[in-house]
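Okay, so here's the structure we're looking at.
All of these numbers come straight from a predicted model, not from anything done at the bench. Because only heavy atoms are used, hydrogens play no part in the values below, and waters and symmetry mates are left out as well, while side chains stay in.
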Amino acid sequence: MWRKLAGSIREYKRPTVFTLLLMVGEALIETMIPFITATLLINPIQRDGENVDMMYIIGIGVLLIVMALVSLTCGGLGGLTCSRASAGFAKNLRHDIFERVQTFSFENIDRFSTSSLVTRMTTDVSNVQMSYMMLIRTAIRSPLMLVFSVVMSAVMGGWLAAIFAVVIPVLVFGLLLISRFAMPAFRRVFKKYDRLNESIEENVRAMRVVKGFSREEYEKEKFGRASDAIRDDFTKAERIVAINTPLMNFCMYFNMIAVLLLGSFMAINGIGGVEIGQISALLTYGMQILMSLMMLSMIYVMLTMSAESAKRICEVLNEVPAMQNPEHPVTEVADGSVDFEGVSFKYSKTAERAALEGIDLHIRAGQTVGIIGGTGSSKSTLVQLIPRLYDATEGTVKVGGKDVREYDISVLRDAVAMVLQKNLLFSGTIKENLRWGNPDATDEDMIEACRLAEAHSFIEAFPDGYDTVIEQGGTNVSGGQKQRLCIARALLKKPKILILDDSTSAVDTKTDAMIRAGFRSYIPETTKVIIAQRISSVQDADLILVMENGCIAAQGTHEALLAGSEIYREVYEQQTNGGDRNEEN
């Protein structure tokens, strides 16, 4: 797991190594300073009775100042290189996660919720970044300080350093006990973060629905419950971790009292040759040892907490895309013909019922195909197999006479334009949104596409025209305007296959008819697949499919289906009679 994450360090290996070297230098100097200070107290500073050797004192003082400055420089530079390395590592890690998500098929994405992916790229990456920063700085400095301080205290204090053999095990045992009880609460928090983010995401995305049904209080309560659950777990964990401080203070003051009492007794009575300088050094080394242990405990807590984050990140990085390019992919789509040969499809291998079953369908290039059917009849599922958003469970889907699994995925999808049931516009100007269809489109190309999609007139009505900024999710345009902009975006692509998934439902029948007329003149050779609820949107199609329970119940022209399909005739009569009644009213 950690090796997988280490692959995201890449160009930040150099600042990482520099940080490690600087921390070694800082730890070494900081453990030498008490030793030099002690020599000043231990060695005689007087010569010839009362004459003080000032040069000796000045020399030691200058040496201590230089060592302190070098230690400060190492620490400061270490902080800079550590920040650069950890921030760069986190940047690369987020990039790797995002890049991996881009390779996922819908099957892969269905395994992760949107809120969970957001949490993994934000909170989880931040935890791992913090752990990495502590690993290359504190996790190197603290063990070295611990080892150097123990060695130097043994050198300086002799048997007096045995006091640490009592204090250190007590502190280590206490810190391990604290970590053991705190970790389960930390681990529970991350799954609850997913639910919190999900609550925020749903509330913001569905704000109009929330206000329309006056459910603000319900949403507040739902968010409050998710927030309270995180607070409770963090409170429990932090209460346990807070014991670190009193335990540390107890061990520190016990060490100070023991060193002062025992050291003073030995110095006064001349036992073991203990001098004041040694006692001073032992007090400093004792503080360094205990602080190092406390820092190591914090590192242990952080690493344990981030281990859950690292595991969640690796789940995304290790996810194998369900769809892969073949070894020698086809790089050109010959035409817009589509063939379904004995196709069945399940969203999950464990699903009891197939979403599509026994589909046999042949569409010639340039044909217009209409698809109607009730909710849940798998109309959208059928068309999603064409650009290989999902792979058929059984049978073969062909585009341009080739199995879709033989194509380079990017080439196949570039030949297919989809206007989805849920129309989506991105933050940015109208021009930027339209250029998703063709990055090289000129202003004239965009205007022509928008005229065909019946979008040009309302765009021109905006004060900034095509430079009008679309807010996140397209909230500053109506549903019908959003649909027409998405259709124009698809037209700019000039695809071999155009799929409209109920994408004119928010426009009136006259505009719908004008858009379809534009298709015939602008992209006559493009295969057009139109999913619609209104028969008027598909009745002039070359072929109409009637979907029911994941199967093609009937297919043919409008006239043929009126004569031979009871389902189609019933829907047609309901819509026609309903329209007559509305006109009479």
Side-chain angles (χ1 to χ4, degrees), residues 335-346 353-386 392-399 401 418-419 421 497-505 507 509-510 512-517 519-520 523-584:
D335 55 48
S337 62
V338 179
D339 298 284
F340 285 75
E341 298 175 355
V343 171
S344 295
F345 172 73
K346 289 183 177 182
R353 179 180 171 275
L356 292 170
E357 193 165 6
I359 302 295
D360 285 292
L361 175 64
H362 304 283
I363 303 172
R364 296 191 308 275
Q367 271 193 310
T368 299
V369 178
I371 304 177
I372 68 165
T375 303
S377 59
S378 298
K379 303 184 297 295
S380 298
T381 304
L382 179 72
V383 298
Q384 286 175 357
L385 298 182
I386 297 174
T393 307
E394 297 177 10
T396 304
V397 179
K398 292 182 179 180
V399 170
M418 292 189 71
V419 183
Q421 192 172 11
I497 301 172
L498 174 64
I499 299 172
L500 304 177
D501 187 354
D502 200 17
S503 53
T504 57
S505 58
V507 300
T509 54
K510 180 181 177 182
D512 185 13
M514 293 172 69
I515 291 172
R516 285 185 280 112
F519 290 166
R520 287 192 292 271
I523 47 174
E525 297 180 359
T526 295
T527 303
K528 297 163 279 289
V529 181
I530 304 172
I531 297 176
Q533 298 295 331
R534 295 186 302 226
I535 286 183
S536 60
S537 298
V538 299
Q539 68 180 28
D540 57 350
D542 302 310
L543 177 67
I544 301 173
L545 308 179
V546 180
M547 298 288 297
E548 185 178 29
N549 297 325
C551 300
I552 298 177
Q555 58 180 300
T557 62
H558 174 67
E559 292 75 15
L561 289 174
L562 280 177
S565 173
E566 184 179 344
I567 299 174
Y568 187 85
R569 185 169 55 253
E570 182 180 341
V571 174
Y572 176 75
E573 289 175 353
Q574 287 177 347
Q575 292 184 1
T576 304
N577 294 337
D580 292 342
R581 282 197 299 270
N582 289 335
E583 290 176 4
E584 290 173 3

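- More than 12 heavy atoms of other shown residues, nucleotides or ligands fall within 6.0 angstrom of atom CZ in Arg569.
- Of all heavy-atom pairs spanning Ser378 and Ala355, the tightest one is OG-O, 2.7 Å.
- The only option from Ile530, Ile531, Leu543 that meets the side-chain contact (heavy atoms from CB on, under 4.5 Å) definition with Val538 turns out to be Ile530.
- Of the possible donor and acceptor atoms, one in the side chain of Lys379 sits under 3.5 Å from a partner among the backbone N and O of Gly374.
- Using a 4.5 Å cut-off on side-chain heavy atoms (C-beta onward), Ser344 and Leu356 make no contact.
- The line from NZ of Lys528 to CG of Asp542 is 8.0 Å long, rounded to the nearest 0.5 Å.
- Residues Arg520 and Asp540 are paired through a salt bridge, judged by an N-O separation under 4.0 Å between the basic side chain and the carboxylate.
- Separation of atoms CG (Asp502) and OG (Ser380) is listed at 7.5 Å; rounding is to 0.5 Å.
- A centroid separation of less than 6.0 Å is found between the aromatic rings of Tyr568 and His558.
- Heavy-atom minimum distance, Gly336 versus Ala365: N-CB, 3.7 Å.
- When side chains are defined from C-beta on, Leu382 counts as touching Ile371, because their heavy atoms get closer than 4.5 Å.
- Nearest heavy atom pair, residue Val397 against residue Ala392, reads CG2-CB, 4.4 Å.
- Note: Thr557 OG1 to Leu562 CG = 8.5 Å, rounded to the nearest 0.5 Å.
- The backbone N or O of Val419 lies less than 3.5 Å from no partner atom in the side chain of Asp501, so there is not a single donor-acceptor pair.
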Begin from the C-alpha positions of Thr526 and Ile497 and carry the test side chain to side chain contact (heavy atoms under 4.5 Å, CB included) through to its verdict.
-> CA-CA 5 Å; Thr526 295; Ile497 301 172; 5.5 Å; no
Start with the C-alpha distance between Ile359 and Phe345, add both sets of side-chain angles, then the distance that settles side chain to side chain contact (heavy atoms under 4.5 Å, CB included), and finish with yes or no.
-> CA-CA 9 Å; Ile359 302 295; Phe345 172 73; over 6 Å; no
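- The two residues Val399 and Asp335 have their closest heavy-atom pair at CG1-O, 4.2 Å.
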Could you check Val546 against Leu561 for side chain to side chain contact (heavy atoms under 4.5 Å, CB included), going step by step and ending with a plain yes or no?
-> CA-CA 9 Å; Val546 180; Leu561 289 174; 4.1 Å; yes
Output, in order, the C-alpha distance, side-chain angles, deciding distance and verdict of side chain to side chain contact (heavy atoms under 4.5 Å, CB included) for Ile544 and Gln555.
-> CA-CA 5 Å; Ile544 301 173; Gln555 58 180 300; over 6 Å; no
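- The two residues Ser337 and Gly401 come nearest to each other via the heavy atoms OG-N, 3.7 Å.
- Within the model, atoms CG of Leu385 and CZ of Phe340 stand 5.5 Å from one another, a figure rounded to the nearest 0.5 Å.
- Using a 4.5 Å heavy-atom cutoff, the side chains of Glu394 and Val343 are not in contact.
- For Thr368, the side-chain hydrogen bond (donor to acceptor under 3.5 Å, both in side chains) criterion is met by no residue, not counting sequence neighbours.
- Counting only heavy atoms from C-beta outward, the side chains of Thr527 and Ile363 approach each other to under 4.5 Å.
- Remark: Lys346 NZ is packed, more than 12 non-hydrogen atoms of other residues, nucleotides or ligands lying under 6.0 Å away.
- Here the CG atom belonging to Leu545 is positioned 9.5 Å from the CD1 atom belonging to Ile372, to the nearest 0.5 angstrom.
- Judged purely by atom type and a 3.5 angstrom limit, Glu341 has no side-chain atom pairing as donor or acceptor with the backbone of Asp360.
- Of the possible polar contacts, one joining the Gln367 side chain to the Arg364 backbone as a donor-acceptor pair under 3.5 Å is found.
- To the nearest 0.5 angstrom, Lys398 atom NZ is 9.0 Å from His362 atom NE2.
- Of all the heavy atoms in Cys551 and Glu357, the pair that sits closest is SG-O, 3.6 Å.
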